Protein chains: 2
Amino acid sequence: MSAVSCTPNVGRPRAFDMDAALEKALEVFWRKGYDGTSLSDLTEAMGINKPSLYAAFGNKEQLFLKAIELYESRPCSFFLPALEKPTAYQVAEHMLHGAAMNMADSSHPQGCVVVQGALSCSEAAASVKEALINRRVEGEQKLKVRFDQAKIDGDLPPDTDTGVLARYLLTVLQGMAIQANNGACSEQLRQVAQMTLQAFPRAG
Amino acid sequence: MSAVSCTPNVGRPRAFDMDAALEKALEVFWRKGYDGTSLSDLTEAMGINKPSLYAAFGNKEQLFLKAIELYESRPCSFFLPALEKPTAYQVAEHMLHGAAMNMADSSHPQGCVVVQGALSCSEAAASVKEALINRRVEGEQKLKVRFDQAKIDGDLPPDTDTGVLARYLLTVLQGMAIQANNGACSEQLRQVAQMTLQAFPRAG
DNA sequence: AGATATATGTACTTATCGGTAAATAACCCT
DNA sequence: AGGGTTATTTACCGATAAGTACATATATCT
């Protein structure tokens with residue numbers, strides 16, 4: 001079953017693939033940001049007309065939020081899977097290397113749509129900016145919780161400030177999104193990842 | 001003499017302060033980004049009408065570029081002054097602490113306009129995006145050159161990869177801009193700065 | 001004082017913005 | 001086959017985007 005479509009068995013069937021269209025919308029929002037994306041950009045990329053877009057996804061804002069959901073649930077997403085690695089160091093390692101690999105991948109826009117989708121934006125975009133901030137802060141909180149567990153597990157020194165460590169790691173990851181936008185390649189991001197890992201506290 | 005005005009002694013004198021108006025424009029671009037800022041936003045904040053804006057600053061794009069110049073030449077700017085500190089460590093220290101202090105300062109928008117002014121943007125903003133990328137990459141290059149000198153001075157280990165070190169530091173600084181947008185306060189950014197400095201290579 | 005030169009306010013232009021009304025088309029069910 | 005339901009197409013809406021024409025106001029220079 002599709003993640004987003006919920007096709008009834010009455011009426012004219014939808015002529016386009018909602019998931020494929022959402023993927024196209026994500027690509028546009030990722031590249032141009034919420035304010036920089038027009039409905040014409042979206043309908044052109046998605047291959048549908050505006051009424052189809054509105055009927056299927058609500059409006060621009062709801063489409064954006066659905067695209068973000070898709071972004072975070074994609075196979076190449078690295079954040080949540082990394083949390084399940086057995087040690088704090090491996091969590092950090094997988095996040096940093098995943099980011100290095102993914103953010104400079106030229107098969108899609110550079111960076112991270114959660115970082116750059118609505119960073120500085122118009123008042124019309126205030127609510128989606130808020131939604132993205134919440135996602136980033138929640139990610140940081142999840143990482144802190146994971147590091148708290150690591151302390152219990154004994155793979156972080158007992159005096160570790162897990163809040164600072166999580167914030168530091170997120171700062172580097174978010175900075176890597178900017179670096180990818182600057183044109184940094186995966187190898188260059190990997191070097192940053194490696195330098196970050198060298199400073200990472202090891203098992204006590 | 002003013003940085004931007006160049007008043008002739010003929011004709012009706014300008015009724016507003018160009019520098020003050022440019023400061024207002026910077027504030028709006030900083031908070032809303034290039035795409036998110038309308039001319040109405042600008043004229044309202046600057047206290048002038050559109051024809052005055054166009055006569056004085058050219059157009060939206062040129063106004064933005066002048067605002068960025070102002071941003072980088074302000075007294076509270078920390079990047080270029082930090083380059084003149086006597087050792088590589090002190091350069092990093094001043095940049096990181098300057099960023100922690102400045103980016104969360106609530107007397108102006110959070111973060112850094114060079115990072116967030118046109119990160120993901122429309123095609124209309126492509127040239128200003130390019131200009132900002134150039135500024136960021138040039139800053140990184142300047143930092144690398146400074147670290148090369150530090151190696152000669154002997155306050156960085158001789159095997160230091162200065163390019164990676166500069167990129168790592170810029171990654172953290174740019175990440176701190178996102179953190180500030182997330183709502184992080186100066187103290188939280190300072191903790192990130194401190195953690196970054198702990199990993200910084202010390203003299204030989 | 002008058003000519004010249006620049007700035008200002010009002011009102012306007014064209015294009016595009018996000019969003020929708022209404023008619024038509026394509027399907028399922030009875 | 002025909003009714004019910006949903007999707008698609010075309011054409012449109014009011015609002016706002018960036019940018020400007022033009023008349024008027026205010027200064028200096030001669």
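Chain A is the first sequence line, chain B the second, and so forth, proteins listed ahead of strands; every chain is numbered from 1. Nothing here was measured: the structure is a model prediction, and the numbers come from that model. Atom set for the values below is all heavy atoms of this structure, side chains included, hydrogens, waters and symmetry mates excluded.
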* Toward the 5' end of DNA chain C, which comes first, A/Ser40 or A/Gly58, by nearest nucleotide? -> A/Ser40
Is the distance from OP1 or OP2 of [N] to the nearest side-chain N or O of [X] less than 4.0 Å?
| X | N | value |
| --- | --- | --- |
| B/Ser38 | D/dA17 | yes |
| A/Asn9 | C/dC29 | yes |
| A/Ser52 | D/dA7 | no |
| B/Asn49 | C/dG9 | yes |

Separation of [N] [atom2] from [X] [atom1] (nearest whole Å):
| X | N | atom1 | atom2 | value |
| --- | --- | --- | --- | --- |
| B/Phe64 | D/dA17 | CZ | C1' | 18 Å |
| A/Arg14 | C/dC28 | CZ | P | 15 Å |
| A/Lys32 | C/dG18 | NZ | P | 11 Å |
| B/Phe16 | D/dT26 | CZ | P | 17 Å |
| A/Asp35 | D/dA17 | CG | P | 11 Å |
| A/Leu53 | D/dT10 | CG | C1' | 17 Å |
| A/Tyr54 | D/dC12 | OH | P | 19 Å |
| A/Ile48 | C/dG19 | CD1 | C1' | 14 Å |

At under 4.0 Å between heavy atoms, what does [X] touch on the DNA or RNA strands: base, sugar-phosphate, or nothing?
| X | value |
| --- | --- |
| B/Ser122 | nothing |
| A/Ala15 | sugar-phosphate |
| B/Thr37 | sugar-phosphate |

* What ring-ring contact (aromatic ring centres under 6.0 Å, His included) pairs are there with at least one residue in residues 107-139 of chain A, not counting sequence neighbours? -> A/Trp30-A/His108
* Side chain of A/Lys60, base of C/dG18: donor and acceptor closer than 3.5 Å? -> no
* Mark yes or no for a side-chain to base donor-acceptor pair under 3.5 Å between A/Arg12 and C/dA25, with no hydrogen or angle criteria applied. => yes
* Classify the side-chain pair B/Thr43/B/Asn49 by whether it contains a donor and acceptor separated by less than 3.5 Å. => no
* Asked: Do the side-chain N and O atoms of A/Gln188 and A/Gln179 include a donor-acceptor pair separated by under 3.5 angstrom?
  -> no
* To do: Salt-bridge test for B/Lys144 and B/Glu140: reply yes if a basic N is under 4.0 Å from a carboxylate O, no otherwise.
  => no
* When you measure from the side chain of B/Pro13, which nucleotide among C/dT20, C/dC27, D/dA27 comes out closest? -> D/dA27
* When you match A/Val10 and B/Asp41 each to their closest nucleotide on DNA chain D, which lands nearer the 5' end? -> A/Val10
* **Note, A/Tyr168 side chain near B/Met195 side chain (heavy atom, < 4.5 Å)** => yes
